Amino acid sequence: MLIAGNWKMYKGPGATREFFRAFDPPDGVESVLCPPFGSLGAAVASGHTIFAQNVHWADEGAFTGEVSTLILLELGVKGAIVGHSERRQYFGETDETVRMRTAHALEAGLRVIACVGELEEERERGETEAVLTRQVSVLRTHESLVVAYEPVWAIGTGRTATPEIAQEAHALIKSLLDVPVLYGGSVKPENAEQLLAQPDVDGALVGGASLDVESFTAVCETAARLSRS
Ligand code: PGA
């Protein structure tokens, strides 16, 4: 199982070093942390596996505010999140830019966590399957690709998909693409077990609960325990 922590725009280099001084993940689970760009160097220095939160599709160029695969690789970063719903909602990310970012990063040798997920209105209108199918259609199976299913209504809201909702969406995604699928959206120590126990849930993308070293470690420990059983 893979447990990834998305720190979003939290933790500068000092707080990053403090987290890693205390972070001792259990065996039997792969843990990845995704700090903001300015803290990547401090995070890589810890020796843990580090991903960025975004990556551009060009090697270099006049793209203010973006970061390239070459820069990430030089820093020792191993992968990137692509297409997070906050990128889609606030920064104009589209299925096409997700396609370009993902394809280029994989080609450059980075791993990718590509995020998909429906809005609340889309679920209410019965469009979940169509939305997920459309978002996944720009991706191709690759050994370094992982998809994260993150229902937008469950991100940062404290609302979690029921294990049944997660399982149904994961099974759909896996019928379209042969890659591991992580669940994301208010994952915390209290609900990790029932979500991770679903047959098509291969790990988690944890936001808020990954900022606290104890709660992130607790989610990793649950995953390690389930992997052993
Ligand atoms: P959350 O965020 O766990 O705080 O809901 C998840 C994510 O956005 O990846």
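Atoms considered below: every heavy atom in the structure, side chains included; atoms not considered: hydrogens, waters and symmetry mates. For ligands, and for the atoms within them, numbers begin at 1 and follow the listed sequence. Just so it is clear, the structure is predicted and the values come from calculations on it, not from any experiment.
Taking the charged nitrogens against the carboxylate oxygens, Glu18 and Arg21 have no contact shorter than 4.0 Å, which rules out a salt bridge. Ion pairing between a basic and an acidic side chain is recognised when a charged N comes within 4.0 Å of a carboxylate O; Arg140 and Asp178 show no such pairing.
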Atom pairs, nitrogen or oxygen, ligand 1 to protein, under 3.5 angstrom:
from: ligand 1; atom 1: 2 (O); to: Lys8; atom 2: NZ; distance (Å): 3.3
from: ligand 1; atom 1: 3 (O); to: Ser186; atom 2: N; distance (Å): 3.3
from: ligand 1; atom 1: 3 (O); to: Gly207; atom 2: N; distance (Å): 2.9
from: ligand 1; atom 1: 4 (O); to: Gly208; atom 2: N; distance (Å): 2.8
from: ligand 1; atom 1: 5 (O); to: Gly156; atom 2: N; distance (Å): 2.6
from: ligand 1; atom 1: 5 (O); to: Ser186; atom 2: N; distance (Å): 2.7
from: ligand 1; atom 1: 8 (O); to: Lys8; atom 2: NZ; distance (Å): 2.8
from: ligand 1; atom 1: 8 (O); to: His84; atom 2: NE2; distance (Å): 2.6
from: ligand 1; atom 1: 9 (O); to: His84; atom 2: NE2; distance (Å): 3.3
from: ligand 1; atom 1: 9 (O); to: Glu150; atom 2: OE1; distance (Å): 3.4
from: ligand 1; atom 1: 9 (O); to: Glu150; atom 2: OE2; distance (Å): 2.7

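For Asp59 and Ser68, the side-chain atoms include no donor-acceptor pair closer than 3.5 Å. Residues Gln53 and Trp7 have side chains that never bring a donor and an acceptor to within less than 3.5 angstrom of each other.
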Point to revise | Test log, rule side chain to side chain donor-acceptor pair (under 3.5 Å), inputs Asp95 and Gln135 | key: CA-CA 6 Å; Asp95 292 333; Gln135 291 175 336; 4.8 Å; no
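Taking the six-membered ring for Trp and thresholds of 30 and 60 degrees, Phe216 and Phe23 have ring planes inclined between 30 and 60 degrees apart.
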